[in-house]
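Notes for the one structure printed next.
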Amino acid sequence: MGFLRTSSFCRSPSHFPSLQPHIHNRTTLHFRTSHSLATMPPPFPQNPKSTHLLHHHSHKKLSLTVHASPQNSHSSNNNNNSKLIFITSSLTIALAVANRVLYKLALVPMKEYPFFLAQFTTFGYVAIFFSILYMRYRAGIVTDEMLALPKWRFMAIGVLEALGVATGMSAGAMLPGPAIPILSQTFLVWQLGFSIIILGRSYSFNQIAGCLLVATGVVVAVASGSNADQMLSGVDFVWPALMIASSAFQAGASIIKEFIFTDAATRLKGRSLDIFVVNSLGSGFQALFVLFFLPFLTKVKGIPFGQLPSYLKSGAGCFLNFGANALGCDGAPLLPLLYIATNLAFNISVLNVVKISSAVVSSLTVMLSVPISIYILSLPLPYLQEATSLSPFFLFGSLILVSGLIMYNVPQPAKQNSIDN
């Protein structure tokens, strides 16, 4: 799927000083001596000629022209933006870790109803996001111009995310557990490719190598302790291909979100697009297409479509820990609600990273949470089994991941022309 590139993606502001003798960005300071001060008698005797010169020059205007450097302003903006990205990314990592851990805990009471939990979050978020969007619209934060953005882009996000869910579920049902997160690391590779094609971005060797190191580190950390040689033995090629396609669909959706934010800066004349416009419309179209794929999804999960109402009713009873279906649902509704609240905040935070930075940076941030989550889940936690030990490969994979992040963020030497004034 291709998108037209806008001119905003091809422009880059020049950071070099102007060669013109006078620039417009200047501040002129005028100092004028007071007439009363000039006519005061001097403390020491002076000859008439020097007194006349002093009185004559007191009416002259001393003009000092200070030329403001555009590089200083640009450097200050870059520093502020870097601090904001660091703070937001750190918050996203913390939420990503909590999201993974709480999802594992939420599946303890909901172990028989993971499909119910997935659909509850998909359709529940539509109501939550649109409620927030309405309140922000009434407060004047969201404008009519924001809501008038082309809807086909949000529809594309919904289609791609729904296809990602459908293909991921169908492949996940046929693949061994450790193979799923390993194959999902192709997500970052797809993002880099789509970012170059759709957004017209270019990446340095360090950035590409860093991304590949991050994906490799996650694979090594996740696959530690498993027999990688026999992981996909006896599995038809179509199922790994579908899992890779699922990553491609989701990567495409994330790049389109970044495209919407970048293009909106031009359409809204520099005004920032509210993230709840993207969250609400994107989740709305996703829920619509998930509803369209629902018969297929229920079949993949082994739930006859005719029995779906009774399954949802039983899942709701377990979620609320109420009624005849509450047996074995200890920990509900607290654990599922904690997961839903954290997942909601995590989705908002990830989209905010996409807005202020890029989709690739958001993915690198989320990937950093994988080994941290695995380590926390290896500890003794309530409602989970006993603590597990981690192999040395886990630590090795984590070191590879961190080195990849460092390599991606190594500053590149900028080519600047020195100008002698």
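Please read these numbers as outputs of a predicted model, since none were measured by experiment.
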For side-chain contact (heavy atoms from CB on, under 4.5 Å), just list the numbers for I244 and W190, CA-CA rounded to whole Å, side-chain angles, deciding distance to a tenth of an Å, and then say yes or no. CA-CA 9 Å; I244 294 174; W190 286 114; 3.6 Å; yes
Applying side-chain contact (heavy atoms from CB on, under 4.5 Å) to F346 and T92, what does each step give before you reach the verdict? CA-CA 6 Å; F346 167 68; T92 304; 4.2 Å; yes
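- When all heavy atoms of A96 and S373 are compared, the closest pair comes out as O-OG, 4.3 Å.
- Distance check, rounded to the nearest 0.5 Å: CG of L175 to CD1 of I180 gives 5.5 Å.
- Contact record, F194 with A248: CE1-O, 3.4 Å, taken as the closest heavy-atom pair.
- Each of F116, Y113, F305 was compared with Y311 under the ring pair (Phe, Tyr, Trp, His ring centres under 6.0 Å) criterion, and only Y113 meets it.
- For the pair Y375 and S378, the minimum side-chain heavy-atom distance is below 4.5 Å.
- Nearest heavy atoms, L320 versus P333: O-CD, 4.1 Å.
- Using a 4.5 Å heavy-atom threshold, the side chains of T167 and M243 count as separate.
- Remark: the backbone N or O of L212 is paired with a side-chain donor or acceptor of T216 at under 3.5 angstrom.
- Between the side chain of S403 and the main chain of I400, a donor-acceptor pair closer than 3.5 Å is present.
- Between the side chain of N321 and the backbone N or O of A332, at least one donor-acceptor pair lies under 3.5 Å.
- Considering CG of L297 and CZ of F292, their distance stands at 11.0 Å, rounded to 0.5 Å.
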Using the side-chain contact (heavy atoms from CB on, under 4.5 Å) rule, take F289 and M155 through it: C-alpha gap first, then chi angles, then the decisive distance, then the call. CA-CA 9 Å; F289 288 103; M155 185 180 296; 3.9 Å; yes
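- We find the CG-CD distance between L291 and Q119 to be 9.5 Å, quoted to the nearest 0.5 Å.
- The shortest heavy-atom contact between P382 and L105 is O-CD2, 3.2 Å.
- The shortest distance between side-chain heavy atoms of V366 and S362 does not fall below 4.5 Å.
- Heavy-atom neighbours of K299 NZ from other residues, nucleotides or ligands within 6.0 Å: at or below the threshold of 12.
- With T122 contributing its side chain and A118 its backbone, the two residues share a donor-acceptor pair below 3.5 Å.
- Atom CZ of F322 has 12 or fewer heavy atoms from other residues, nucleotides or ligands within 6.0 Å.
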Between L344 and I128, is the side-chain contact (heavy atoms from CB on, under 4.5 Å) condition met? List the steps. CA-CA 9 Å; L344 186 69; I128 294 174; 3.8 Å; yes
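- Of the possible donor and acceptor atoms, none in the side chain of S369 sits under 3.5 Å from a partner among the backbone N and O of T365.
- With rounding to the nearest 0.5 angstrom, the CZ atom of F296 is 11.5 Å from the NZ atom of K301.
- A distance of 7.0 Å separates OG1 in T342 from CG in N99, rounded to the nearest 0.5 Å.
- The minimum heavy-atom distance linking C318 with M110 is given by the pair SG-SD, 3.9 Å.
- Inspection of the S254 and Q191 side chains reveals an N or O donor paired with an N or O acceptor under 3.5 Å.
- Inspection of the N347 and Y125 side chains reveals no N or O donor paired with an N or O acceptor under 3.5 Å.
- For the residue pair K355 / S272, a side-chain donor-acceptor distance below 3.5 Å is found, with atom types taken as modelled.
- S358 and E258 are not linked by any side-chain donor-acceptor pair at a separation below 3.5 angstrom, with hydrogens and angles left out of the test.
- S283 places a side-chain N or O within 3.5 Å of a backbone atom of S280 that can act as its donor or acceptor partner.
- Using a 4.5 Å cut-off on side-chain heavy atoms (C-beta onward), F249 and V165 make no contact.
- The closest donor-acceptor contact from the side chain of Q307 to the backbone of I303 lies at 3.5 Å or more, if one exists at all.
- For the pair C211/L192, a side-chain contact is recorded, criterion being any heavy-atom separation below 4.5 Å from C-beta on.
- Exactly one residue among T143, D144, D274 makes a side chain to side chain donor-acceptor pair (under 3.5 Å) with Y137. That residue is D144.
- Within the 6.0 Å centre-distance limit, the rings of Y103 and Y339 are counted as a close aromatic pair.
- With a 4.5 Å cut-off on side-chain heavy atoms, L149 and L281 do not count as touching.
- Centroid-to-centroid, the aromatic rings of F276 and F130 stay 6.0 Å apart or farther.
- A donor-acceptor pair shorter than 3.5 Å can be found between the side chains of Y203 and S195.
- L117 CG to N343 CG: the interatomic distance, rounded to the nearest 0.5 Å, is 9.0 Å.
- The main-chain N or O of S247 is never found under 3.5 Å from a side-chain atom of Q250 such that the two would form a donor-acceptor pair.
- Between F319 and F120, a ring centre-to-centre spacing shorter than 6.0 Å is recorded.
- For the pair L381 and V101, the minimum side-chain heavy-atom distance is below 4.5 Å.
- The backbone N or O of F86 sits nowhere less than 3.5 Å from a side-chain atom of S89 that would complete a donor-acceptor pair.
- More than 12 heavy atoms of other residues, nucleotides or ligands sit less than 6.0 Å from atom CG of L379.
- Panel note: side chain K111, backbone C329; no donor-acceptor pair is recorded below 3.5 Å.
- Looking only at side-chain heavy atoms (C-beta outward), L401 and L213 stay at 4.5 Å or farther from each other.
- Between L160 and G252, the shortest heavy-atom distance links the atoms CD1-C, 3.8 Å.
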